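Any value given below was found using the heavy atoms of this structure, including those in side chains, with hydrogens, waters and symmetry copies removed. Order of listing sets the numbers, starting from 1, for every ligand and every atom in it. Computed from a predicted model, the values in this text were never measured in an experiment.
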Amino acid sequence: MSKRSFLSHIDERIPKPNLTEHVNAVFILHDQLNLDVWPSWIREEKPLLIFIESAAKGNALPYHKKKLIYLLSSMRHFALECAEAGFPVHYHSTQNHYDPALEDLLSKNGDLNLTFMTPSEWDSRERLRKVGSDYNDRVEEISNNFFLADPEEYKDRIKDGWLMEYFYREMRRKTGYLMNGEKPEGGEWNYDDQNREKLPEGHPVPTIAETEPDEVTEEVIEMLEEWFSDHFGKSEEFRDAVTRRQALYRLNEFIDERLDEFGPYEDAMVQGKYDLFHSHLSVYLNNGLILPKEVCDRAEEAYQNGNARLNSVEGFIRQIIGWREYVRVYYEAMMPDVRDANHFNFNNKLPEMYWSGQTKLNCMSECLKPVIEQGYSHHIPRLMVLSNFSNLTETDPRELNRWFHLAYVDAYEWVVLPNVLGMSTFADGGVLASKPYVSSGNYINKMSDYCKHCEYKISKKTGEDACPFNYLYWNFIDKQRETFTQNGRANFMVNMFDKKSDEEKKAVSESSVDFLEDVSR
Ligand code: FAD
Ligand code: SF4
C-alpha cells in the first residue's frame, strides 16, 4: 500500500513544472538552502530547481524527531520562497534515496542537464557522483561554497596534526576579522583566560525567541508522527526558526542580547538552564539559512560599536572561522578511514541512559534532558559531560558518534564526526586533539551547580556514594597510561596516580569495576 502524501501545502502553492520544457536543472540538498552562495547564473536565469525528500535518508538513523521536522520544514519553506520568486520548482518525495529519483528524472527527460553542489557529507557525495558518472555529459558538479576555507589549502597540514590555533590565526589574517593590520585586536589572538567563569547565582539570562509552527511545519509534524514515530526525542513544542527571515531574527537577538556575555559564561552550566549566552545558531548555519560570514560580520560590528566586549567577540568568531572551518577541513582530510577510528579499542555499547535520560548522576541527567527534548545542548555538556562519561565508561567511540549524529538537530557527519572521533574521544589517536578529554567530577563542580543537586557526593573519591567521575577518571588514567605518558602535557596525571597509596589505588579500581559492571547498556 502506498503511503499517504503529506505535501498538500507544497502541491497547492507550487505549480507543477512541465519537466520536458526545461534544459537546465539544479538539485538543492537539504543543507544548501541559500541561493546567495550559488553561482550568479542561477539567480539570473532561474533554471528548474529540484528538491527531494528521501525517506531512506531520514531513516538511515533514528534521527531526533525535531531534527527531521527542522530539516524538512526549512527545505519546504525555502522551496516555497523560490517558487514565489519565480523559479520553476520540482518538489519530489520518495521512499528511496535521492539518487534513483535523479537518475529517473534524467532518463525520462533526455534534454535535461543537471547541476549539483558538492554535498558536505561523504555518502551523499558518493551517490551524486555516481549519477554524474552515469550521465557524464549532462551532470555538472560545482564546489561547495557554504564554507570560508578551501579544504585543499589546509588538508595536508591538518592531517599531519596542525593545531586549530594556527589555522585560526591564518583565517583571522585572511578574513581580517579583529585585525589591526598584521596584529590581532587588543594584542592577543585568544582571550580564553577571561572566558571560564561560573554563572553567579541569580544572574539574569535572556530568553530566546520561539517561532510558532505554521501550517507547513504542522504538516511535517503530522508526517513525522506517522512515518517516524519510533525515532529518538520529542516532537512536541517545536519552536525553531524555519526560514531565513526567522533565522536572521535569531541572529539579531543573539548579537543584541547575549553576545556581550557569551565569552565569560561560555563554559558555564546551570541546573534547568540550557542555552545561557550561547548563540543557538549552529542549526541555521549548518543548512545555510544563515552564512558564517554574515554572522561574523555582525559580531565584529557589535564590538566596533562598543556593544560587545572583545573577549566575547573574539571567542565567538574563533568558534566560527576557527573551530567550525577547521573540523570541516579535518573531515575532508580524514574521510573515509576515520569512520572506523577507535584508538583505545573500546567496544562497549553506549550506556542506556543516553536514550532514556534516566540516571542518578545529576550532571548526566541535566545534560541529556535538553537533548531528548530539543536536540540541543551547548559545547561543554557535549564535551565535558556526555563525551567524558562515555570515555570513562570505556564506550566504543563510534557508538557515541552515532548517538550524537542522530540526537542533535545541528549534526551532520562533516561536523559531528571530527568533534566526536577527533576532539572528544581521541579515537583518531591525537590528530585533532593533543590529549583525551577526560576529567574528574571537579571540573563539572567548578563550572556548574549540578553537584549540589546530586545523590552522589562530589567530595568523596571512592566508595558507593562517591561521584563516579572521580574514581572512573583515575581508573582511566591508570589503564590508558601508555597514551598519557607519550604526551608531555598529560604525563603528570600518570605521575599523580602513581604517587597514590596502594590502598587508594585499590579503592579506585574496585569502585570502577563495580560501577562499570552495573552500568546498564
Ligand atoms: P555557540 O557556542 O554559540 O558557538 C557559535 C558557533 O560556533 C556554533 O553555532 C557553531 O557553528 C560553531 N562552533 C563552535 N564550536 C564548534 C566546533 N567544535 N565544531 C564546529 N562548529 C563549532 N557542532 C555542530 O554544529 N554540529 C554537531 O553535530 C556538533 N557535534 C558536537 C559533538 C561534540 C562531542 C562536541 C564536543 C561538539 C560538537 N559540536 C557540534 C560543536 C559545538 O558543540 C556546537 O557547534 C555548539 O554547541 C552549537 O551550539 P551554539 O550554536 O549555541 O554554539
Ligand atoms: Fe555529576 Fe559527580 Fe557532580 Fe553528581 S557529583 S553531578 S555525578 S559530577
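With a heavy-atom cut-off of 4.0 Å, D410 touches ligand 1 through backbone and side chain alike. Looking at S387 against ligand 1, only its side chain comes within 4.0 Å, counting heavy atoms. At a 4.0 Å heavy-atom cut-off, ligand 1 does not touch E266 at all.
When each atom of ligand 2 is checked for a heavy atom of Y456 under 4.0 Å away, the hits are 5 (S). Ligand-side atoms of ligand 1 in range of H378: 47 (O), range being under 4.0 angstrom from any heavy atom. The distance from ligand 1 to the heavy atoms of V416 drops below 4.0 Å at these ligand atoms: 28 (O), 30 (N). Remark: ligand 1 atoms within the under-4.0 Å shell around heavy atoms of M423 are 18 (N). Annotation for ligand 1: atoms under 4.0 Å from non-hydrogen atoms of H280 are 50 (P), 51 (O), 52 (O). Those atoms of ligand 2 with a heavy atom of C451 less than 4.0 angstrom away are 3 (Fe), 5 (S), 6 (S), 8 (S). Under a 4.0 Å criterion applied to the non-hydrogen atoms of Y376, ligand 1 contributes the atoms 49 (O), 50 (P), 52 (O). Close approach of ligand 1 to L281 is summarised as follows: ligand atoms under 4.0 Å from at least one heavy atom of the residue are 9 (O), 51 (O). Per-residue contacts place F262 under 4.0 angstrom from the following atoms of ligand 1 (heavy atoms of the residue considered): 1 (P), 2 (O), 3 (O). Close contacts between ligand 1 and L383 involve ligand atoms 36 (C) [criterion: under 4.0 Å to a heavy atom].
Polar contact check, H278 against ligand 1: a nitrogen or oxygen pair lies under 3.5 Å apart. On a distance-only criterion, Y408 and ligand 1 share no N/O pair closer than 3.5 Å. In terms of N/O distances under 3.5 Å, ligand 1 is approached by S279. At a 3.5 angstrom cut-off on N or O pairs, Y412 does not count as close to ligand 1. Distances between N or O atoms of N286 and those of ligand 1 include at least one value under 3.5 Å. On a distance-only criterion, S424 and ligand 1 share no N/O pair closer than 3.5 Å.
The residues R244 and E294 are annotated as salt-bridged, a charged nitrogen and a carboxylate oxygen being separated by less than 4.0 angstrom.
Among H379, M164, R328, the residue whose heavy atom lies closest to atom 41 (C) of ligand 1 is H379. The heavy atom nearest to atom 4 (Fe) of ligand 2, considering only S459, C367, G441, C454, is found in C454. Of the options E413, Q319, R382, H405, the smallest heavy-atom separation from atom 13 (N) of ligand 1 is shown by Q319.
Scanning the protein heavy atoms around atom 16 (C) of ligand 1, the nearest turns out to be W323 CB, 3.8 Å. At the shortest separation from atom 38 (C) of ligand 1 among protein heavy atoms lies N419 CG, 3.5 Å. When only non-hydrogen protein atoms are considered, atom 9 (O) of ligand 1 lies nearest to S282 N, 3.1 Å. Scanning the protein for heavy atoms near atom 6 (C) of ligand 1, the closest one is I320 CD1, 3.8 Å. Among protein heavy atoms, the minimum distance from atom 24 (C) of ligand 1 is reached at V415 CG2, 3.4 Å. Nearest protein heavy-atom neighbour of atom 1 (Fe) of ligand 2: C363 SG, 2.4 Å. In terms of protein heavy-atom proximity, atom 5 (C) of ligand 1 is nearest to F316 CE1, 3.4 Å.
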**Request:** Take F497 and F484 through the ring pair (Phe, Tyr, Trp, His ring centres under 6.0 Å) test and state the conclusion after the steps.
**Result:** CA-CA 12 Å; F497 178 79; F484 286 96; over 10 Å; no
**Item:** ring pair (Phe, Tyr, Trp, His ring centres under 6.0 Å) between Y303 and F316, intermediate numbers included
**Value:** CA-CA 11 Å; Y303 169 68; F316 181 71; over 10 Å; no
**Request:** Dump the intermediate steps for ring pair (Phe, Tyr, Trp, His ring centres under 6.0 Å) on H405 and Y63, then the final yes or no.
**Result:** CA-CA 8 Å; H405 192 172; Y63 292 116; 5.7 Å; yes
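Considering only heavy atoms from C-beta on, R172 comes within 4.5 Å of I321 through its side chain. By the 4.5 Å heavy-atom criterion applied to side chains, R339 and R398 are not counted as neighbours. Residues R298 and I290 are not in side-chain contact: their nearest non-hydrogen atoms beyond the backbone lie 4.5 Å or more apart. T395 has its side chain out of reach of Y354: every pair of non-hydrogen atoms, C-beta onward, lies at least 4.5 Å apart. Taking 4.5 Å as the limit, some side-chain heavy atom of F389 sits within range of a side-chain heavy atom of M353. You'll find the side chain of F277 reaches within 4.5 Å of the side chain of L199, heavy atoms only.
The aromatic rings of W403 and W355 sit perpendicular to each other, their planes meeting at more than 60°, with 30° as the lower class boundary.
Proximity of a side-chain donor or acceptor of W189 to a complementary backbone N or O of R169 within less than 3.5 Å is not detected.
Inspection of the N59 and H231 side chains reveals an N or O donor paired with an N or O acceptor under 3.5 Å.
Taking the centre and axis of the six-membered ring of Y412, the NZ or CZ atom of K67 falls inside the cone set by 45° and 6.0 Å. Relative to the six-membered ring of F228, K65 misses at least one condition, a distance below 6.0 Å or an angle of at most 45° to the axis. Annotation: cation-pi geometry satisfied between K435 and Y437 (NZ/CZ under 6.0 angstrom from ring centroid, within 45° of ring axis).
Remark: aromatic rings of W414 and F146 are distant, center separation not under 6.0 Å.
Taking backbone and side-chain atoms together, C467 has no N/O/S atom less than 2.8 Å away from atom 3 (Fe) of ligand 2.
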